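The figures here come from the full heavy-atom set of this structure, side chains too, leaving out hydrogens, waters and symmetry mates. Predicted model, so just to flag it, every value in this text is computed and none were measured.
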Amino acid sequence: MRLQDAGVNPSRILTMLLLLMALLLVASSALTQDSPVMQGLAVAREIVEEERGEPLRLVRWRFYEDNWTSAASVQLYGAFGIDSCASRIPYARKRATILFGWTYNFLDSSGKEYQARVSYDLAHSVVCDEVLIPPQYAPEPTPVPPPEPAPAAEAAAVSAEQPAESQTVAVAPIASTANVGGFELGGHIAGFGGGAVNAMRQAGMTWVKKQVTHGISDGAGIIAAARPQGFKVLLGALGSKDRLRDNFNGYVAEFAQYVGFLASQGADAIEVWNEPNIDREWPLGQVNGGKYVQLLAAAYNAIKAANPNTIVISGAPAPTGYFGAAGCTANGCNDDVFMQQMAQAGGAQYMDCLGLHYNEGVLSPSQSGGDPRGHYPTYFFHSMLNRGLQYFPNTKVCWTELGYLSGDGMPGPIPSHFGWASNVSVAQQAQWLADATRLSRNSGRVRLMIVWNVDFTHWGADPQAGYAIIRPGGGCPACATLGQAMRG
């Protein structure tokens, strides 16, 4: 059958096809020659291919307009600027003034992913260590309520089935001269401006905490800023989970050298990693307390060799019952199971202080029941404290993150997955922090309590500003209650 027989005009179809081809050619020309995004893509692809030593066979690419000055970005990477995602660039050489541009993610046909950044003027670019979604584009996590505690018989069975990898780490610890007596208070700060110093002094705080990242921050600036203000410094030392996955022993040695350097710079305390019981912070499929102790042991000895007075704090696990009765999955472990594995691996000899977090309370820390969510131990101050002490009975605890979330005065509602804190007022936050301070000091088991946080201002999917004791408008109700608790 001819096209005319079907009632179709061939010349009209040909005209339409030619017009479509012309439009595609114009669009293609605009994208490759005129579009800044496509010019940035060409730069990003070129530097990735140069690092790979061979062309990319792209399956997919995507881009984001990125801001390397945002609070969320700094929290993720530990530094400002285009080079904050690249650990191979020494901290002193990072281009901290290149603050805006595009982030490109590439997926190669081999299944390997790559990420690169390009400044808007195309003059600056860098290949990143990891492929991450910029914080402002990250989806909000889906809330999953923790389960109720397993019956005693079931819990005993779970304990007996823990992975065989939880075994003693045979590394002799270097002697410590760190001061683990007494009790002190501190705060996790965003910076030393905006009234943070005065607020901390009013609250009776003598410590500041900041997170630093291997290959990005050497901690020197933080220590130099804290010393004249009379504060001791706790550095939360973070590393690359991807490099840990790809070469565990090699990266453990490299990370240990890094924390040893932090100690030599004068850090008063170092927390070794952060929440290593979940795959957000530790390689997928490798989460295990015994595995973590291998890193902790190397870090401990490196720190003590550099400065035996530096307090070594184990990386506080994320408080969670998400992994249910099994205790562990490929994605992570409940914090109590993880600490049990640490103890079985001999972790107690490689720490001066056991790191713990407590940040999901909606009741006074003096209460041990009555939470509307249920009775899971991570909801309550006392059970959270005992959750770690049961495995490390002769070790002091350092709360490296303790806070109460309140949405009072914030520009919008509390994010849905933090809705459990919707009824917490600023007055309750102030009182409960003071009560937690008194209970920690009077227990005789807590060396240090770091309030999360002093002055963070980000309000979004991660509502950091709601934990801050400096509230919108500059007031600090908790400063007075904490100060009273420390004086009395």
Side-chain angles (χ1 to χ4, degrees), residues 59-60 76-77 85 87 105-115 128-133 138-139 141-144 146-147 150 155 157-171 213-215 237-256 258 271-299 314-347 350 355 357 378 391:
V59 174
R60 183 187 70 238
L76 180 64
Y77 297 109
C85 67
S87 62
N105 289 359
F106 300 110
L107 175 62
D108 186 67
S109 60
S110 65
K112 179 73 173 176
E113 291 188 272
Y114 302 89
Q115 186 171 87
C128 296
D129 293 341
E130 303 179 64
V131 177
L132 299 171
I133 299 176
T142 302
V144 180
V158 170
S159 176
E161 295 171 1
Q162 288 313 307
E165 197 169 7
S166 292
Q167 52 189 298
T168 301
V169 176
V171 177
T213 304
H214 174 224
L238 310 180
S240 167
K241 68 174 183 178
D242 285 353
R243 295 188 64 195
L244 199 62
R245 176 199 62 212
D246 295 340
N247 180 11
F248 184 84
N249 291 332
Y251 189 66
V252 163
E254 191 175 337
F255 183 77
Y258 171 63
E271 183 176 12
V272 181
W273 218 266
N274 177 65
E275 299 189 343
N277 62 316
I278 53 177
D279 67 347
R280 185 179 65 202
E281 305 285 354
W282 196 265
L284 178 68
Q286 298 182 30
V287 176
N288 182 278
K291 195 81 169 175
Y292 167 72
V293 169
Q294 295 179 41
L295 178 140
L296 177 63
S314 62
T320 182
Y322 176 82
F323 303 102
C328 289
T329 71
N331 298 97
C333 295
N334 294 342
D335 54 308
D336 59 335
V337 174
F338 188 83
M339 287 187 286
Q340 181 185 28
Q341 294 169 346
M342 287 175 58
Q344 291 171 347
Y350 305 115
H357 285 173
T378 62
Y391 300 115

Exercise for the section: Give me the ring orientation class for F338 and Y292: parallel if the planes are under 30° apart, tilted from 30 to 60°, perpendicular past 60°. Expected result: tilted
Handout entry: Electrostatic pair D242:R245 at N-O distance under 4.0 angstrom
Key = yes
Handout entry: Full working for side-chain contact (heavy atoms from CB on, under 4.5 Å) between F248 and Q294
Key = CA-CA 10 Å; F248 184 84; Q294 295 179 41; 3.5 Å; yes
Handout entry: Qualifying residues under salt bridge (charged side-chain N to carboxylate O under 4.0 Å, His left out), relative to E281, sequence neighbours excluded
Key = none
Practice task
For the residue pair V272 and F255, establish whether any side-chain heavy-atom pair is separated by less than 4.5 Å.
Solution key: yes
Problem - Check: D279 main-chain N/O paired with K241 side-chain donor or acceptor under 3.5 Å - result: yes
Practice task
Report yes or no: does Q115 contribute a side-chain atom to a donor-acceptor pair with the main-chain N or O of V131 at less than 3.5 Å?
Solution key: no
Exercise for the section: Evaluate the ring planes of Y251 and H214, with Trp represented by its six-membered ring, and classify them as parallel (under 30°), tilted (30 to 60°) or perpendicular (over 60°). Expected result: tilted
Handout entry: Backbone N/O of D336 and side chain of N334: donor-acceptor pair under 3.5 Å
Key = no
Handout entry: Sidechain-backbone polar pair: N247 side chain, G250 backbone, donor-acceptor under 3.5 Å
Key = yes
Handout entry: Donor-acceptor pair, side chain of E275 and main chain of A316, under 3.5 angstrom
Key = no
Completion exercise
A237 and Y258 have their tightest heavy-atom pair at CB-CE2, 4.4 Å
Problem - Side chain to side chain, H357 and P317, heavy atoms closer than 4.5 Å - result: no
Problem - Side-chain touch I278/F323, heavy atoms, less than 4.5 angstrom - result: yes
Practice task
Tell me, with the steps shown, if D108 and Y114 meet side-chain contact (heavy atoms from CB on, under 4.5 Å).
Solution key: CA-CA 8 Å; D108 186 67; Y114 302 89; 4.2 Å; yes
Fill in the blank from the handout: One should read off an interatomic distance between N105 CG and C128 SG, to the nearest 0.5 angstrom, of 8.5 Å
Practice task
Please check if the side chain of D335 supplies one atom and the backbone of T320 the other of a donor-acceptor pair under 3.5 Å.
Solution key: yes
Problem - V287 and N331, any side-chain heavy atoms less than 4.5 Å apart - result: no
Exercise for the section: Determine the minimum heavy-atom distance between E130 and S240, stating which atoms define it. Expected result: OE2-OG, 3.9 Å
Handout entry: Working for side-chain contact (heavy atoms from CB on, under 4.5 Å), residues R60 and E113
Key = CA-CA 10 Å; R60 183 187 70 238; E113 291 188 272; 3.8 Å; yes
Handout entry: Minimum heavy-atom distance A256-A298, with the two atoms named
Key = CB-O, 3.6 Å
Fill in the blank from the handout: The reported gap from SG in C328 to CG in N277 (rounded to nearest 0.5 angstrom) is 8.5 Å
Practice task
Find the distance between CH2 (W273) and CG (L296) and round it off to the nearest 0.5 Å.
Solution key: 12.0 Å
Fill in the blank from the handout: Heavy-atom closest pair (M342 atom, S314 atom, distance to 0.1 Å) is CE-CB, 4.0 Å
Practice task
Begin from the C-alpha positions of Q340 and Y391 and carry the test side-chain contact (heavy atoms from CB on, under 4.5 Å) through to its verdict.
Solution key: CA-CA 6 Å; Q340 181 185 28; Y391 300 115; 3.6 Å; yes
Handout entry: Presence of salt bridge, R243 and E254, under 4.0 angstrom
Key = yes
